[in-house]
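Notes to accompany the following structure.
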Amino acid sequence: MSSATTKRLGAAIVFVLAPALHVAIPGSSWIRTSAAVAAGLMMIFFSRERIHDERVQDLKLKALSAAFSVSFTLTLIVNWFLNRDFHPGRDFDGATGVLRSITAFDLIVLTMVVALALFHYWRFQDAAPSSPEGRKVSV
């Protein structure tokens with residue numbers, strides 16, 4: 001399967017299949033939908049680019065490491081706000097017995113969104129023409 005096909009399939013999963021399944025399946029939970037969205041975003045991010053050289057690999061690695069740091073920090077902050085009281089008996093929802101927190105799939109979705117945004121932003125910056133002094137020229 002070509003990289004363009006993989007990206008299209010990932011985009012179809014994220015924007016069409018996951019929301020359609022969430023609406024079509026009665027009683028569907030966000031965990032199933034976020035798993036599909038995470039899989040689609042990973043297909044988009046990890047597929048090969050049209051020009052896949054060392055610079056693209058370096059940008060993807062930097063984007064992924066920065067995105068993981070940002071999304072993990074945001075997840076910790078959100079989980080702290082969800083469970084502020086730190087009382088062992090109150091950390092659980094009494095009706096379902098479930099800890100109120102961000103799921104691992106949500107962490108992956110957030111990481112992939114931030115990584116894709118950073119990668120394309122940095123790649124756009126690389127493509128901007130430079131002045132003779134080495135500064136970027138505003139278009």
Check your understanding: Going by heavy atoms in the side chains, are Ile51 and Arg123 under 4.5 Å from each other?
Key -> yes

Review point. Going by the ring pair (Phe, Tyr, Trp, His ring centres under 6.0 Å) test, which pairs reach into residues 31-79, not counting sequence neighbours?
Key: Phe68-Phe72

**Study point:** Residues in side chain to side chain contact (heavy atoms under 4.5 Å, CB included) contact with Ser2, at least two apart in sequence or another chain
**Key:** Ala4, Thr5

Point to revise | Same apolar cluster (I L V M F W Y, side chains within < 4.5 Å links), Met42/Leu9 | key: no

Review point. Under a 4.5 Å side-chain heavy-atom rule over Ile, Leu, Val, Met, Phe, Trp and Tyr, are Ile102 and Leu74 clustered together?
Key: no

Review point. Given the rule that I, L, V, M, F, W and Y join up when any side-chain heavy atoms are under 4.5 Å apart, are Ile44 and Trp122 in one cluster?
Key: yes

Practice item. Please check if Ile108 and Met43 belong to a single hydrophobic cluster, counting links between Ile, Leu, Val, Met, Phe, Trp and Tyr side chain heavy atoms closer than 4.5 Å. Key: no

Point to revise | side-chain contact (heavy atoms from CB on, under 4.5 Å) evaluation trace for Leu59 with Asp126 | key: CA-CA 10 Å; Leu59 284 176; Asp126 274 357; 3.6 Å; yes

Review point. With hydrophobic residues grouped by side-chain heavy-atom distances under 4.5 Å, do Leu107 and Leu116 end up in a single group?
Key: no

With a 3.5 Å cut-off and sequence neighbours excluded, list the donor-acceptor pairs that the side chains of residues 34-41 form with protein atoms.
from, atom 1, to, atom 2, distance (Å)
Ser34, OG, Trp30, O, 3.1
Ser34, OG, Ile31, O, 3.0

Exercise for review: Give a yes or no on whether the backbone of Val56 and the side-chain of Asp53 come within a donor-acceptor separation of less than 3.5 Å.
Suggested key: yes

Check your understanding: Side-chain contact, heavy-atom cut-off 4.5 Å: Thr33 with Phe105?
Key -> no

Exercise for review: Test side chain to side chain donor-acceptor pair (under 3.5 Å) on Thr111 and Ser71 and set out the steps.
Suggested key: CA-CA 5 Å; Thr111 302; Ser71 62; 2.6 Å; yes

**Study point:** Residues Glu49, Arg55; criterion salt bridge (charged side-chain N to carboxylate O under 4.0 Å, His left out); working and verdict
**Key:** CA-CA 11 Å; Glu49 297 296 317; Arg55 182 66 183 151; over 6 Å; no

Review point. Which atoms form the tightest heavy-atom contact between Arg48 and Ser3, and what is the distance?
Key: O-CB, 3.0 Å

